[in-house]
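What you see is a predicted model; the values in this text were computed from it and never measured.
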Amino acid sequence: MFTYDGALSADLRRVRGAASRKKSFSLLRLWRIPGVKAIVCYRFGYWLNNKNKFIRILTYPVYLILRHNVLTNWGIDIPKEAKIGPGLCVGHFGGIFISKYAVIGKNLNISQGVTIGMSGQGENRGVPVIGDNV
């Protein structure tokens with residue numbers, strides 16, 4: 001369903017297009033957007049999950065610090081275990097929580113106050129699977 005090659009660049013292109021129509025919108029200005037920090041943190045953590053143990057031991061503290069910063073400063077919680085396709089765009093910060101079991105397609109726009117998590121009881125209990133272009 002997903003291809004993760006170039007997912008971060010697809011995410012940054014979508015945020016850049018949503019933030020400004022100027023071609024001079026630099027990566028430095030993008031980094032000032034809290035949603036971009038959350039996206040970079042998620043993609044870094046996802047990348048880290050698929051690396052060997054030595055690389056994970058060396059870089060996991062950096063991931064934890066970045067994740068804690070994003071969670072406490074902007075209220076965005078996107079765990080590294082979630083499966084999110086390329087083109088993620090976090091438009092506004094605050095109150096965004098995604099379950100680590102969520103499966104989300106490409107080109108997702110997400111705004112403040114959104115929870116994508118476990119719901120239901122008994123047989124109906126589960127995590128949403130969201131398609132493309134939502």
Which pair of non-hydrogen atoms, one from [X] and one from [Y], has the smallest distance, and what is that distance?
{"X": "Asp11", "Y": "Arg43", "answer": "OD2-NE, 2.6 Å"}
{"X": "Pro86", "Y": "Ala7", "answer": "CB-CA, 3.7 Å"}
{"X": "Gly117", "Y": "Pro128", "answer": "O-CD, 3.3 Å"}
{"X": "Ile96", "Y": "His92", "answer": "CD1-O, 3.2 Å"}
{"X": "Ile116", "Y": "Ala102", "answer": "CG2-CB, 4.1 Å"}
{"X": "Gly87", "Y": "Ala10", "answer": "N-CB, 3.9 Å"}

Any chain of hydrophobic side-chain contacts (each under 4.5 Å) joining [X] to [Y]?
{"X": "Leu64", "Y": "Trp47", "answer": "yes"}
{"X": "Val62", "Y": "Leu58", "answer": "no"}
{"X": "Leu66", "Y": "Tyr60", "answer": "no"}
{"X": "Val36", "Y": "Val114", "answer": "yes"}

Open item on the list: Please tell me whether Asn107 and Asn133 have a donor and an acceptor in their side chains that are separated by less than 3.5 angstrom.
Closed with: yes

- [ ] State, without any angle test, whether Arg14 and Asn109 hold a side-chain donor-acceptor pair at a distance under 3.5 Å.
- [x] yes

To the nearest 0.5 Å, how far apart are [atom1] in [X] and [atom2] in [Y]?
{"X": "Arg56", "Y": "Asn52", "atom1": "CZ", "atom2": "CG", "result": "7.5 Å"}
{"X": "Leu71", "Y": "Ile78", "atom1": "CG", "atom2": "CD1", "result": "10.5 Å"}
{"X": "Cys41", "Y": "Ile65", "atom1": "SG", "atom2": "CD1", "result": "11.0 Å"}
{"X": "Leu8", "Y": "Leu12", "atom1": "CG", "atom2": "CG", "result": "4.5 Å"}

Between [X] and [Y], is any pair of side-chain heavy atoms under 4.5 Å apart?
{"X": "Ile76", "Y": "Val90", "result": "yes"}
{"X": "Asp77", "Y": "Ile98", "result": "no"}
{"X": "Asn49", "Y": "Glu81", "result": "yes"}
{"X": "Thr59", "Y": "Phe44", "result": "yes"}
{"X": "Arg67", "Y": "Tyr63", "result": "yes"}
{"X": "Val40", "Y": "Val70", "result": "no"}

Task: Plane angle bin for Phe93 and Trp74 - parallel if under 30°, tilted between 30 and 60°, otherwise perpendicular - done: perpendicular

TODO: Measure the acute angle between the ring planes of Tyr42 and Tyr46, then classify it against the limits of 30° and 60° as parallel, tilted or perpendicular.
DONE: tilted

Task: Tyr101: partners by ring pair (Phe, Tyr, Trp, His ring centres under 6.0 Å), with sequence neighbours left out - done: none

